[in-house]
*Asks:* 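My structure is below; once you've seen it, I'll send some questions.
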Amino acid sequence: MAWFTRQKPSVGAPPPEGERRLRTEGLWQKCEHCGEIIWRKALEDNLQVCPKCSWHFRIDARVRLASLLDDGIYETLDADLISTDPLGFVDSKPYTERLDGMRQATCLKDAIISVSGKLNGRSVYVCVLELKFIGGSMGSVMGEIITRAIERSLATRMPLIIVSASGGARMQEGAVSLMQLAKISAALMRLDEARVPFISVLTDPTTGGVTASFAMLGDLNIGEPGAQIGFAGPRVIEQTIRQKLPEGFQTSEFLLAHGFLDAVVKRGELKAFIARALEFFVD
Ligand SMILES: [Zn+2]
């Protein structure tokens with residue numbers, strides 16, 4: 001049985017841009033960290049980072065792509081794959097209905113955008129997970145799209161960058177979603193053997209099956225400041241080991257200090273950091 005299929009492109013209005021949607025919600029926003037009232041335009045110009053305390057707000061996949069790729073220009077790949085709902089899953093509503101609602105809300109077919117573009121003049125493939133689409137969860141479609149991106153990297157030797165934001169595997173696809181961990185990891189191993197660079201960027205939050213597979217398999221694993229990164233949530237761990245967890249547990253900074261990340265890089269410096277790393281890896 002196929003776990004994913006292609007949907008014919010529909011004719012309609014172009015997808016709204018992240019910035020435009022934000023602006024309709026009001027002109028001011030309160031920083032959830034320091035309490036500062038910030039003019040939304042100032043926040044946008046600062047890539048959604050608080051100008052006062054440097055708190056990194058979450059951003060949409062499209063805003064992320066625009067921030068990483070030259071002139072915000074890129075070509076979208078594999079945008080027509082959709083899940084076939086292999087289990088016929090129903091929780092509070094049928095999975096197919098949930099997917100339909102998400103597609104309308106995000107103008108995406110699943111929780112990922114895969115593109116090719118230029119980063120400081122260098123051709124790259126970039127995949128960005130969209131947290132707003134069922135928590136950025138990984139099912140058959142995400143698994144296939146990432147695997148195709150890896151295979152394109154293998155064929156062309158263009159570096160691959162994946163920006164994660166995810167709650168983990170998609171429970172509505174059960175064991176099928178877990179198989180994606182192995183599928184992607186095996187493809188990444190071939191990329192590693194071919195010595196083509198893969199850079200993983202972990203943003204708030206990156207947890208579960210995504211952390212347990214590709215997000216931690218980069219040649220470089222880079223965290224965003226203050227991002228929550230882990231496998232199980234802190235409450236589950238505390239209940240299991242019956243111990244209080246240390247301060248800052250599962251933040252980028254904590255993981256860097258304990259050797260699980262290679263760097264923590266501010267959003268405004270991320271593009272230059274990746275460009276420099278790729279110079280080191282490739283040239
Ligand atoms: Zn702030």
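Residue numbers start at 1 and run along the sequence shown. Numbering of ligands and ligand atoms starts at 1, following listing order.
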*Asks:* Could you enumerate the protein N, O or S atoms under 2.8 Å from the Zn ion (ligand 1), written like residue then atom name?
*Replies:*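 Near the Zn ion (ligand 1), below 2.8 Å, one finds C31 SG, C34 SG, C50 SG, C53 SG.
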
*Asks:* Measure the shortest side-chain to side-chain distance between K271 and L68 over non-hydrogen atoms and say whether it is less than 4.5 angstrom.
*Replies:*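 The answer is yes, as the side chains (C-beta and beyond) meet within the 4.5 Å cut-off.
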
*Asks:* Ignoring hydrogens and geometry, is there a side-chain-to-backbone donor-acceptor pair from E130 to A61 under 3.5 Å?
*Replies:*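 Side chain of E130 to backbone of A61, a donor-acceptor pair under 3.5 Å: yes, one is there.
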
*Asks:* Under the salt bridge (Lys or Arg N to Asp or Glu O under 4.0 Å) rule, collect the residues that match up with D71, sequence neighbours excluded.
*Replies:* none

*Asks:* Which ILVMFWY residues are connected to L43, directly or by a chain of links, through side-chain heavy atoms under 4.5 Å apart?
*Replies:* I38, W55, F57

*Asks:* Distance-only criterion, 3.5 Å: show the donor-acceptor pairs between side-chain atoms of residues 183-196 and protein atoms not counting sequence neighbours.
*Replies:*
residue	atom	partner	partner atom	Å
K183	NZ	E144	OE1	2.6
S185	OG	L181	O	2.6
R190	NH2	E151	OE2	3.4

*Asks:* Report the distance from atom CD1 of I229 to atom OG1 of T251, rounding to the nearest 0.5 Å.
*Replies:*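 Those atoms lie 8.0 Å apart.
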
